[in-house]
Amino acid sequence: MTDTASRPDAQTSIPDRPSLEGLEEKWDGVWSEQQLYAFDEDTTRDQVFSVDTPPPTASGSLHIGHVFGYSQADMIVRYQRMRGKNCFYPLGWDDNGLPTERRAQNYYGVRCDPSLPYDPDFTPPQEGGSNKSSKAANQVPISRRNFIELCERLTTLDEKSFEEVFRTLGLSVDWNHSYQTIDARSRATSQRAFLENLAAGQAYQSEAPTMWDVTYRTAVAQAEQEDRERDGAYHRIGFTRTNAAENAESTVYIETTRPELLPACVALVAHPDDERYQDLFGTTVTSPLFGVEVPVKAHPLAQADKGAGIAMICTFGDSTDVVWWRELELPTRSVIGRDGRFLPEAPWITTPEGQAAYAELVGLTVFSAQKRVVEMVKESGDLVGEPTKISHPVKFYENGDKPLEFVTSRQWYLTNGGRDSSEGGLRDELISRGQELTWHPAYMESRYRNWVEGLAGDWLISRQRFYGVPFPVWYAVGEDGETDYDTVLTPAVEDLPIDPTIDVPAGYSEAQRNQPGGFVADPDILDTWATSSLSPQLAGGWNSGAESGGLFEKVYPMDLRPQGHDIIRTWLFSTIVRSHLQQDALPWKHASINGWILDPDRKKMSKSKGNVVTPIGLLHQHGSDGVRYWAGRARQGVDTAFDEGQMKIGRRLAIKILNASKFALGFGEAPADPAGRLAADPAVVTDPLDRALLAQLATVVEQATAAFEEMDYARSLEVVEPFFWAFCDDYIELVKERAHGNSPAGEAGAASARAALAIALEVQLRLFAPVVVFATEEVWSWWRDGSVHTQPWPEAAPLREAAQGQDAALVDSVAQAAIVVRRLKSDAKVSQKTPVLSVTVEAPGSALAHLEAAAADLTALGRIEALELVAGEGEEIRTRDAVLGEPPVKQPRNKG
RNA sequence: GGGUCGUUAGCUCAGCUGGUCAGAGCGUCUGGUUUACACCCAGAAGGUCGGGGGUUCGAGCCCCUCACGACCCACCA
């Protein structure tokens, strides 16, 4: 029996009642054990399809949006694997950074206090706290090292449960190449990249006003900021002219939403062309309450139609203030500290009254200080009328809940084109990189370009946090005890990763730490994006030591970056920046952008809802194939409604694949294809209907292939799925009597049907395999060797040859005839089993030949005793002169 | 204010370079227990393709404009 396609015991391997239950666990186990998706390192770049998979943030729970995006990427990868590519498809974890810190704080009820010593026996006060923020007062302060240990413990837990979900989902990830953005190799890679940027002049420090989150006490990069609409109010406040002319008003009124910044005022500004303020330019005015004399300046950024047309410049209320401060060369008068409270000293306020007023604000939060200042200007009469309530956008850190403030501090920056808009400069180069990349869908490129063109400065990469990759630098301390930030001490590359707060720079001893003539560590950590932006280098082993002929050369630049459109400005852009600076290359050829999951009411899926409907719950309820189907029906980049209805349809499809396969295989075996290209010998496929089916299938294969070549899994599914249902409901129904051998066509007709069924089924299993991964694998195991997921993608050519030039339209003609015959019975409201004693079917000339060729199958399906086929007038196939017989006697369903 | 995407049957969506393009599934309704599947099958009803102009022999498909929705960006006094 070695010359048959089916194994001798094939029939016995088909279960009586096929089911989806348990398939995920069963096949994940098999694939894992067989290392089915392992990358073969004995390879060359041209054989590889490499994927820069998003490392999920390991903080909390997976969202249904993850399942959506990762499924879509997996479909593309599975297609490439079937096309013979050696797929490099790792999945890492992004576990450093603020989300992890916050989660560890809440989970264990602790907070980091770097001044505390390490306690090796520390036990956290709680385990498994809620995601809700607990009061800081209830959190136990612990050392940085203890805190980091807890972060690591927690992320390990999370990563395990995430992997479980992804395995259940059937992602064909190679888990051997996993990484964590906090692991030693990642830290070394990130630090090495930074040091090379530093050496190349791409990384630099600067002391400047930066956006600052007062809750987390850290600087925040432009990409992490977002606008939120907040209530505010215009306060109309008068400044007194210092030397008013005889006939002029002695008071100048400004309008401000930040009255608490009155003590930080350094100037007033109006547009140079504004008629109203011409005589004020060059003069000075005195601030109310604080009695500080400030100049009145002209600057084109001031808008005559906004507020009073003249604005108060403070250090700093917003980014316009920063521009004015810089361009008008104004002094710095900071009143807000890093904790968001008013600073104890304001030495530029010299009058006793002013000092007394300021003393009222010291230590207050911005919110309280505003209330107090408003009270004071009301009392003093400097406030005109009632404040006018408005709603306006305010900048927030995306994870924060208090408005950002400007704080002047020393920070590290990485060039990203934000300060180089010169012709052909870095910004232009990065825009060109975006054009070089193939975007799916193409219009996403404009989002990228839009963002790069709008950059306001370089990338601020330092964070004043604890759980992350430390800056691998120290600074020399002068004999005077002052830190010399210009003398940056760096470690040797081979010593990486280092922690400068623990390790000591070459030529120094630990005793010299923080001493005059010694050194100090940089206390900051790198922005989490500054490490995750190196994901191609991390996954590909750029820093593994084997530079030449190693893994990196075999996988980089990568083929595909799949990700969401919300992080084009962050992850996608920063990855391009790093690869451009580091490798002078585009990190990948393609970017596949997936959409967001929306509530059924079209709003962005809320976090709370996403936690109620857990991915693992959905996978169990609808089956992973059902959930994958939902993802597979959605096109790339398109925001998609969360729709369990689609998952149910997917589940039904998977079940149908099991049942239809069982049935199609149950008619008996077909001889194997001597050429080995098809599941059965095409030479025995002689019936016109069977040949027509294979001709149709050839077209389906062509369309599905073309779609997948464009990474358009959705279009492929859209073609394959309807074909499959028609295959089940029409073709199988038409040929089942013949396949059983109960037909005038006899044994040859039966063999033809069985061979066509085997061929068509096998091809369809492969077409479905990238999406419906478990059901197809299950069926494959019933009668074929190996895994469907490592089979070659089907080709149209052998199907066309098997079709022997038969017109594919024959299938449609016969299916149409079947419909009209069924309708006879449907309209008569009788069982489809009811015999048709006689009927005449009219068909247009072309279809008539088709019906004649398949007349035997048609009469079997319709239980037609006397069928007459005639040429009809119109374009449609129709029946006439039908005589129905007696409906069959109903049999009891369960006999015996 | 700038940019991008979308608006097609009750719902979720296909309709690729303009000419069987008015479709699918779900839902609804009417029927059928056809031993692969009731996690099934058959049949039917449902839309002037957001509004208004224009180009064309011909427009969901191209152009203009308006409306609505979503997202991104913007110097937010």
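Please read these numbers as outputs of a predicted model, since none were measured by experiment. Order of the sequence lines fixes the chain letters, A, B, ..., with proteins taken first and strands second; residue numbering starts at 1 for each chain.
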Distances under 3.5 Å between protein N/O atoms and the N/O atoms of nucleotides 6-11 of chain B, please, pair by pair.
none

Can you name the atoms? Protein N/O to nucleotides 18-22 of chain B N/O, anything below 3.5 Å, with the distance.
none

Checklist entry - At under 4.0 Å between heavy atoms, what does A/V323 touch on the DNA or RNA strands: base, sugar-phosphate, or nothing? => result nothing

Next on the checklist: Mind checking if A/W725 touches a base, just sugar-phosphate, or nothing, with heavy atoms under 4.0 Å?
Outcome noted: sugar-phosphate

Atom pairs under 3.5 Å, N or O on each side, protein against nucleotides 24-30 of chain B: can you list them with distances?
residue	atom	partner	partner atom	Å
B/C26	OP1	A/R652	NH1	3.4
B/C26	OP1	A/R652	NH2	3.0
B/U30	O2'	A/K829	NZ	3.2

Next on the checklist: List the residues meeting side-chain hydrogen bond (donor to acceptor under 3.5 Å, both in side chains) with A/E737, not counting sequence neighbours, and say none if there are none.
Outcome noted: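 By the side-chain hydrogen bond (donor to acceptor under 3.5 Å, both in side chains) rule, A/E737 matches A/N742.
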
Checklist outcome for this item: Those residues at least two apart in sequence (or on a different chain) that pass side-chain hydrogen bond (donor to acceptor under 3.5 Å, both in side chains) with A/R419 are A/Y204

Checklist entry - Do A/F68 and A/W596 make the cut of ring centroids closer than 6.0 angstrom? => result no

Next on the checklist: Just the rounded figure in Å: distance from P of B/A38 to CZ of A/R17.
Outcome noted: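 Atom-to-atom, A/R17 to B/A38, this comes out as 6 Å.
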
Could you pull out all donor-acceptor pairs under 3.5 Å where a side-chain atom in residues 653-664 of chain A meets a protein atom, sequence neighbours excluded?
residue	atom	partner	partner atom	Å
A/N659	ND2	A/I655	O	3.3
A/S661	OG	A/I657	O	2.5
A/K662	NZ	A/D16	O	2.7

Checklist entry - Quantified in whole Å, what is the P atom distance between nucleotide B/G27 and nucleotide B/U12? => result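 Their P atoms lie roughly 15 Å apart.
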
Next on the checklist: For B/G25, give the paired nucleotide (Watson-Crick: N1-N3 plus N6-O4 or O6-N4; G-U: N1-O2 and O6-N3; both under 3.5 Å), or none.
Outcome noted: B/C11

Checklist entry - If pairing requires Watson-Crick or G-U wobble contacts with both distances under 3.5 Å, which nucleotide is the partner of B/G1? => result B/C73

Checklist entry - Quick one: is B/C41 close enough that its OP1 or OP2 comes under 4.0 Å of any side-chain N or O from A/K656? => result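 Yes, because at least one side-chain N or O of A/K656 sits under 4.0 Å from OP1 or OP2 of B/C41.
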
